[in-house]
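The next block holds one structure in the form of C-alpha cells; read it before the comments.
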Amino acid sequence: MVREEVPRFYNVAQVARMFQMSTMTLYRAIAAGEFPAVRIRGRLIVPAKAIDEMVEAAYEHGGEVDAADFATEGAA
C-alpha cells in the first residue's frame, strides 16, 4: 500500500483552484497582506497549515472567517 504524502505547501494556482478564484485575485490578496503566503526568491507558496487552520476556524465559528486574520498571525 502506497501512502500519499500530505503537502506542506501549495503553489498559488493550486490554492486558487481550491477556493475557486482566479490566481490574480489570490496574488492581489497576498500582496495586500490579506492572505498568508511565504515568498522565496520571488516565488510565493501557501502553507497547507494556514489553509487547514482557516477551515477549522470556519467550522468552529459556524461560518465565515477572514483570511487576513491568518495572514498577520505569524507576522513578526
Side-chain angles (χ1 to χ4, degrees):
M1 177 151 106
V2 176
R3 185 173 162 186
E4 191 172 320
E5 197 170 314
V6 177
R8 295 190 64 201
F9 296 93
Y10 296 104
N11 65 43
V12 173
Q14 290 171 310
V15 176
R17 277 192 304 276
M18 281 182 212
F19 288 106
Q20 297 181 352
M21 61 178 26
S22 74
T23 56
M24 202 65 214
T25 297
L26 188 53
Y27 276 118
R28 287 184 187 121
I30 292 167
E34 298 170 349
F35 201 91
V38 176
R39 181 180 300 278
I40 300 173
R41 301 197 95 196
R43 181 167 184 235
L44 290 168
I45 55 175
V46 177
K49 182 178 179 179
I51 293 171
D52 294 341
E53 288 175 359
M54 281 186 243
V55 171
E56 269 306 307
Y59 278 118
E60 286 176 14
H61 296 113
E64 177 180 310
V65 296
D66 191 340
D69 294 339
F70 295 87
T72 57
E73 275 185 6

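Every value quoted in this text rests on a predicted model; they were computed, and no experiment measured them.
Summarising the geometry, atom CD belonging to E56 is positioned 12.5 Å from atom NZ belonging to K49; distances are rounded to the nearest 0.5 Å.
For the pair M54/P36, a side-chain contact is recorded, criterion being any heavy-atom separation below 4.5 Å from C-beta on.
A donor-acceptor pair under 3.5 Å links the side-chain atoms of Q14 to the main chain of N11, judged by distance alone.
Cluster annotation: I51 is not connected to V6 through the hydrophobic network of ILVMFWY side chains, with a link wherever side-chain heavy atoms come within less than 4.5 Å. Hydrophobic clustering (side-chain heavy atoms under 4.5 Å, transitive across Ile, Leu, Val, Met, Phe, Trp, Tyr) groups F19 together with Y27. Following chains of ILVMFWY side-chain contacts shorter than 4.5 Å, one cannot reach F35 starting from F9, and the two form parts of different hydrophobic clusters. By the rule that hydrophobic residues join a cluster once side-chain heavy atoms approach within less than 4.5 Å of another member, V12 and M21 end up as members of one cluster.
With sequence neighbours excluded, the residues that form a side-chain hydrogen bond (donor to acceptor under 3.5 Å, both in side chains) with S22 are T25.
The nearest pair of heavy atoms linking A13 to T23 is CA-CG2, 3.7 Å. Nearest heavy atom pair, residue P47 against residue V38, reads CG-CG2, 4.0 Å.
Screening I45, L26, L44 for a side chain to side chain contact (heavy atoms under 4.5 Å, CB included) with V15, the sole residue that qualifies is L26.
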